[in-house]
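Read through the structure below, which is laid out as structure tokens, and then see the notes.
Because the structure is a prediction, the values reported are computed rather than measured. Throughout, numbering of the chain's residues begins at 1 and tracks the sequence. In each ligand, atom 1 is the first atom listed, and ligand 1 is the first ligand listed.
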Amino acid sequence: MIDQIVKDIQELKIQGAENVAKAAVNAISEILETSIFDQKKIYQDLIIARDKLEKTRPTEPCLRNTLTLLFYDVNETNVKDAMRKNILKADEHFKTTKSIISEFGSRKIKDGMVVFTHCHSSAVMDILKEAKRKKINFSLKNTETRPLFQGRLTATEMINEGIPVEHFIDSAGRLAVKKSDIMMIGADAITSEGYVINKIGSELFAETAHNREVPVYICTDSWKFDINTVFAYDEVIEKRHEEEIWKDKPKGVKISNYAFESISPELITGIISELGVYNPHTFILEMERNYPWLFHTKRKKILPLKNL
Ligand code: RUB
């Protein structure tokens, strides 16, 4: 199962940062619950699984943070009980944040509004569903999101909810943004300097939105925050296979297939997370206040290593 989940994440059968993190919890939980070995061996197998999962997609701090929580205070002698407790905490976190983010985000959508989104974010989907549940009349414009067309997932999911959808090719995204009242996208990573990393094209559309005074909201679970950036590591942007874009390209043509790009904090109106709606800089302060375990675990590992 672990190898199948790893493959599904790499091939984007499981996509979107939060879904990837939840799939990792399932994979770890499966090993924990089905292994017939002693605690020591289970712990070793879980360490190997963690490593495999962390390597699936480089721009996914939510996946890494979730695994940090799962392994928090876990060792060879207590793995069964300790990790079970941590799995419950992670499950509980995703359940509660989902409803808080949906509520906060839906308050930003008013009758008659046009919402613009790019790619497929489960946080944005939940917000739009909540707004629809509240009987707010709004419509959605979205982009197809080449090369893997996650925009089609978004359009399908929303039309099935009864939300009117207008679908644009990516290069027409500027037109869609200009005709929208609010832009809502997800996040894969948030850096300590307030940059948000999301699907390639996100900054292009955020720039247009900013120039047209269309507010840009990042809708996300706060665990997308990348603690490594506090310690001066750059956010790694995943580069995917050339064949995803052009299978039989002429020899010599170089293809650039970045999965994500970084959005400057000055283009962002607010980050809507379970912590509230904050600008990127305040968001980071709230992050440390609310999740000290994340900061402490990393500091313990990094500070002595770097001899600071
Ligand atoms: C998905 C993407 C999503 C974020 C947030 O990219 O960029 O906007 O992951 O998603 P990909 P969520 O399809 O390459 O994974 O809100 O579901 O965490």
Among the heavy atoms of [X], does any lie under 4.0 Å from an atom of ligand 1?
X	value
A259	no
R57	yes
N198	yes

Derivation and outcome, side-chain hydrogen bond (donor to acceptor under 3.5 Å, both in side chains), residues H120 and Q15: CA-CA 8 Å; H120 179 269; Q15 69 75 233; 2.9 Å; yes

Closest approach of any protein heavy atom to [atom], naming residue and atom:
atom	answer
atom 6 (O) of ligand 1	K199 CE, 3.3 Å
atom 4 (C) of ligand 1	D188 OD2, 3.2 Å
atom 16 (O) of ligand 1	S121 OG, 2.7 Å
atom 5 (C) of ligand 1	A187 O, 3.3 Å
atom 17 (O) of ligand 1	S122 OG, 2.6 Å

Ignoring hydrogens and angles, tell me if any N or O in the side chain of [X] forms a donor-acceptor pair with the backbone of [Y] under 3.5 Å.
X	Y	result
Q39	T77	yes
N228	E235	no
T229	S192	yes

The answer for which part of E18 has a heavy atom under 4.0 Å from ligand 1 is both

Between L294 and I227, the two heavy atoms sitting closest are O-CG1, 4.1 Å

State whether the shortest distance between N or O atoms of [X] and N or O atoms of ligand 1 falls below 3.5 angstrom.
X	result
C119	no
H118	no
L12	no
A17	yes
K224	yes

The atoms of ligand 1 lying under 4.0 Å from a heavy atom of Q150, numbered in the order shown, are 11 (P), 13 (O), 14 (O)

Under 4.0 Å from one or more heavy atoms of A123, ligand 1 contributes atoms 16 (O)

Original post:
Relative to each other, are the rings of W223 and H93 parallel, tilted or perpendicular (30° and 60° limits)?
Top reply: parallel

TODO: Validate the cation-pi geometry between K239 and Y258: distance from NZ or CZ to the six-membered ring centre under 6.0 Å, angle to the ring axis within 45°.
DONE: yes

- prompt: Is the closest side-chain heavy-atom distance between I28 and L46 below 4.5 Å?
  reply: yes

In this structure, CD1 of I218 is separated from CG of N279 (nearest 0.5 Å) by 12.5 Å

Inset, instruction - Would you kindly say whether E203 and S262 are connected by a side-chain donor-acceptor distance under 3.5 Å? - result: no

